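Step one of this worksheet: look at the structure below.
Bear in mind the structure is a predicted one, so any value in this text is a computation, not a measurement.
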Amino acid sequence: MPLLDVFGISASGLTASRLWLDITANNIANLQTAGRPNDPLNPAYRRKVPVFAEKLRQALDSPPGQPSFNAAGVSVAAVVEDPSPPRLVYEPSHPLADPNTGYVAYPNINIANEMVSMIAATRAYEANVTVLNAAKDMALRALEIGRG
């Protein structure tokens with residue numbers, strides 16, 4: 001694998017980790033966004049989750065007729081909504097409360113899950129930065145060898 005490919009793979013990981021962190025922050029920001037139960041005009045916010053996919057590149061050194069693939073990073077295939085139902089809280093005085101039941105729909109967000117997602121996204125980002133720095137150090141040392 002050429003050394004410059006490592007930079008591209010790490011960059012795609014950094015981009016994916018940053019998007020994951022942005023989505024997690026958006027979920028936390030909407031933790032108290034209320035909606036009316038069973039009302040399509042005032043729905044409760046739904047937790048969003050990124051779906052990652054491996055980017056592949058066809059390898060040039062594969063035998064004819066047998067394609068093989070090398071990893072070329074990660075991409076975000078989609079951002080999907082968590083299908084779990086909204087959290088219903090009995091608040092009859094809330095302006096968005098269902099007039100018949102008195103329940104308000106809050107997002108299906110668990111703060112503990114969001115904190116775990118945030119830590120995982122941060123760790124993935126740090127790992128990609130470490131790989132990027134290691135590849136940069138290797139490239140600089142290779143240039144020093146050529147310098148004499």
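Under the 4.5 Å side-chain heavy-atom criterion for Ile, Leu, Val, Met, Phe, Trp and Tyr, F52 and V79 are members of the same hydrophobic cluster. The hydrophobic clustering, which links ILVMFWY residues whose side-chain heavy atoms are closer than 4.5 Å, places F7 and Y125 together. Connection of I111 to I109 is established within a shared hydrophobic cluster, with ILVMFWY side chains joined at heavy-atom distances below 4.5 Å, either directly or through further cluster members. Residues V74 and V76 share a hydrophobic cluster, clusters being chains of Ile/Leu/Val/Met/Phe/Trp/Tyr side chains in contact below 4.5 Å.
Side-chain atoms of E126 and V129, non-hydrogen and from C-beta on, never get closer than 4.5 Å to each other. No side-chain heavy atom of V49 sits less than 4.5 Å from a side-chain heavy atom of I23.
L96 contributes atom CG, which lies 5.5 Å from atom CG of N42 (distance to the nearest 0.5 angstrom). Residue D98 holds its CG atom at 11.0 Å from OH of Y90, rounded to the nearest 0.5 Å. Taking OG1 of T122 as the start and CG of L21 as the end, the distance is 5.0 Å to the nearest 0.5 Å. Between L31 atom CG and N110 atom CG the span is 9.0 Å, to the nearest 0.5 Å. To the nearest 0.5 Å, atoms OG1 (T15) and CH2 (W20) are separated by 14.5 Å. Going from atom OG1 of T24 over to atom CE of M115 covers 10.0 Å, rounded to the nearest 0.5 Å.
With hydrogens and angles disregarded, no donor-acceptor distance shorter than 3.5 Å links the side chain of S17 to the backbone of L14. Side-chain atoms of N30 never come within 3.5 Å of backbone atoms of P107 as a donor-acceptor pair (strictly under, hydrogens ignored). Between the R46 side chain and the P86 main chain, no donor and acceptor come within less than 3.5 Å of each other. Checking side-chain atoms of N27 against main-chain N and O of K48 turns up a donor-acceptor pair under 3.5 Å.
Of all the heavy atoms in E91 and A97, the pair that sits closest is O-CB, 3.3 Å. What you find for A77 and A53 is that their closest heavy atoms are CB-CB, 3.9 Å.
When the shell of 6.0 Å around CG of N38 is examined, it contains 12 or fewer heavy atoms from other residues, nucleotides or ligands. With a 6.0 Å radius and a threshold of 12 heavy atoms from other residues, nucleotides or ligands, R87 has its CZ atom above the threshold. Under a cut-off of 6.0 angstrom, the local environment of OH in Y103 is sparse, with at most 12 non-hydrogen atoms contributed by other residues, nucleotides or ligands.
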- Apply side-chain contact (heavy atoms from CB on, under 4.5 Å) to K136 and S10, showing your working. CA-CA 11 Å; K136 182 183 75 177; S10 291; over 6 Å; no
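The residues D22 and R18 are annotated as salt-bridged, a charged nitrogen and a carboxylate oxygen being separated by less than 4.0 angstrom.
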